[in-house]
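Encoded as structure tokens, the structure appears first; notes follow it.
For clarity, every value in this text was computed on a predicted model and none was experimentally measured. Just so we're on the same page: letters track the sequence lines, and every chain starts at 1.
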There are 2 protein chains.
Amino acid sequence: MTASPTPAASDADWLRLDRQICFSLHAASRAFNGVYRVVLKDLGLTYPQYLVMLVLWEQGDLPVKKLGEHLRLDSGTLSPLVKRLEGAGLVRRERSAEDERSVRVRLTDQGAALRERALEVPRRIAAATGFGLEEIGELREHLDRLTGALDAAALHEAQSCG
Amino acid sequence: MTASPTPAASDADWLRLDRQICFSLHAASRAFNGVYRVVLKDLGLTYPQYLVMLVLWEQGDLPVKKLGEHLRLDSGTLSPLVKRLEGAGLVRRERSAEDERSVRVRLTDQGAALRERALEVPRRIAAATGFGLEEIGELREHLDRLTGALDAAALHEAQSCG
DNA sequence: GGCCATTTAGTTGTGCACAACTTAATTGTG
DNA sequence: CACAATTAAGTTGTGCACAACTAAATGGCC
């Protein structure tokens, strides 16, 4: 209302808007992280560790590589993270017999059992935010489009600005 | 389309949905970060450093405390970050004369001059994503509502689950 | 004035993200 | 078979986020 988006915005306007959108996404990500941090403390998991466990609960045991593809994380992030999960007794790492390069991440009984306690997490989050299924779906779609556009942009930047 | 959100979703459905929204926001944040990383490399700034500079360009020099309020970051994050900006010659830190506890972050000439080169950043980002002003504003509003809800939830969690 | 709670920065320790690199296993090719 | 290229995981180094803490300055209160 107060700030009408004129078609011909100045550079300064763009910079201000940039601050806003940058900040919004950054803040949203950290706020999200913060709420999960509280809820996940009971489970002894960090937010990224929870993401890994979600994938394992859904997909069964996977090599680190596949885990990374699901989460778009590389071994530099996953190796120590999975090692911490192993330290907590939630997963075990096993060298694949067929391909000795590959390490399969397998849920322990304890790790599999943790899923039961995790089932309440989404409801606690949803309840906390007051967002419904529709709104969550809508936001997700919005974010996925953004990510898709940004990924394509990243590729383009990498190619054109070598 | 394929996955119709039934009104009475099971715990497992919620967990799956949770994975999706968690992942979407996490991925969007990192994708955003990645595109900025490329664009900001020319300026010698990281993404959080860019956020600090945006605030300083917009607000003028500020004490660390105020900077933290604008960005929702505490001294644990800002102190070393600002020190790195000082190392790069973009800002200077000055103890306030009136209140010796306070440290004022002031742009150097070099830091102020960097704004000129930063003016092209938002356009490069916007062009890369293909998002228009409206869509950016819409997403921003969506994210801000989410952050607001999450912040309120964090407070509530902190109080109720002490 | 003396004392205590508050406020502002900064420090320390843990964990994540990512670039750049190393190591070891595998694959492809002559 | 030998050897180069590729692939998977791990390591190292830098920077950010945040909790918990310390140190110093300030303000309020008796």
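- Taking atom CZ on B:Arg95 and atom P on D:dA24, their separation rounds to 11 Å, with Å as the unit.
- Within the 4.0 angstrom heavy-atom criterion, only backbone atoms of the sugar-phosphate kind lie near A:Arg93; the bases stay farther away.
- Distance NZ (A:Lys41) to C1' (D:dA20): 12 Å, rounded to an integer number of Å.
- For A:Arg101, the side-chain contact (heavy atoms from CB on, under 4.5 Å) partners are A:Asp99, not counting sequence neighbours.
- Within residues 43-53 of chain B, no residue has any heavy atom under 4.0 Å from DNA chain C.
- Remark: B:Glu135 engages A:Arg145 in a salt bridge, criterion side-chain N to carboxylate O under 4.0 Å.
- The distance between atom CD of A:Glu86 and atom P of C:dG15, rounded to the nearest whole Å, is 15 Å.
- Between A:Glu86 and A:Arg92, no side-chain nitrogen of the basic residue sits less than 4.0 Å from a carboxylate oxygen of the acidic one, so the salt-bridge criterion is not met.
- Proximity of B:Val52 to B:Val105: side-chain heavy atoms (C-beta onward) are nowhere separated by under 4.5 Å.
- Place B:Asp74 and B:Pro80 on DNA chain D by their nearest nucleotides, and B:Pro80 ends up nearer the 5' end.
- Taking 4.0 Å as the cut-off between side-chain N and carboxylate O, B:Glu94 and B:Arg106 count as a salt-bridged pair.
- The minimum heavy-atom distance linking A:Asp61 with A:Leu56 is given by the pair CA-CD2, 4.3 Å.
- Aromatic rings from B:Tyr47 and A:His26 are positioned such that their centres are separated by under 6.0 Å.
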Output a table of nitrogen or oxygen pairs between the protein and nucleotides 4-8 of chain C separated by less than 3.5 Å.
| unit_1 | atom_1 | unit_2 | atom_2 | d |
| --- | --- | --- | --- | --- |
| C:dT7 | O4' | B:Arg101 | NH1 | 3.4 |
| C:dT7 | O2 | B:Arg101 | NH1 | 3.1 |
| C:dT8 | OP2 | B:Lys65 | NZ | 3.3 |

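- Here D:dT7 presents its P atom at 13 Å from NZ of A:Lys66, a figure rounded to the nearest Å.
- In this structure, B:Leu78 atom CG and D:dC18 atom P are separated by 10 Å, rounded to whole Å.
- For the pair A:Glu94 CD and D:dA9 C1', the computed distance is 16 Å after rounding to whole Å.
- With a 6.0 Å radius and a threshold of 12 heavy atoms from other residues, nucleotides or ligands, B:Arg16 has its CZ atom at or below the threshold.
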Any protein N or O atoms within reach of nucleotides 12-14 of chain C? Criterion: under 3.5 Å, listing atom names and distances.
none

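- The 5' end of DNA chain D is approached more closely, in terms of each residue's nearest nucleotide, by A:Arg30 than by the other of B:Glu98 and A:Arg30.
- Considering every non-hydrogen atom in both B:Ala28 and A:Thr147, the closest pair reads CA-OG1, 3.1 Å.
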Please tabulate, for side-chain N and O atoms in residues 33-40 of chain B, each donor-acceptor pair with protein atoms closer than 3.5 Å (sequence neighbours left out).
| unit_1 | atom_1 | unit_2 | atom_2 | d |
| --- | --- | --- | --- | --- |
| B:Tyr36 | OH | A:Asp18 | OD1 | 2.3 |
| B:Tyr36 | OH | A:Asp18 | OD2 | 3.2 |

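- The minimum heavy-atom distance between B:Val91 and B:Met53, with the atom names listed, is CG1-SD, 4.3 Å.
- One can place CZ of B:Arg37 at 10 Å from C1' of D:dG15, the figure rounded to the nearest angstrom.
- In this entry the distance linking CG of A:Leu81 with P of D:dG10 reads 12 Å, nearest Å.
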Taking distance alone, no hydrogens or angles, what donor-acceptor pairs closer than 3.5 Å link side-chain atoms of residues 110-120 of chain A to residues at least two apart or in another chain?
| unit_1 | atom_1 | unit_2 | atom_2 | d |
| --- | --- | --- | --- | --- |
| A:Arg117 | NH2 | A:Asp42 | O | 2.8 |

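- Residue B:Leu73 is classed as a sugar-phosphate contact, given heavy-atom separations below 4.0 Å to backbone atoms only.
- Close to D:dG10, at under 4.0 Å from its OP1 or OP2, lies a side-chain N or O of A:Ser79.
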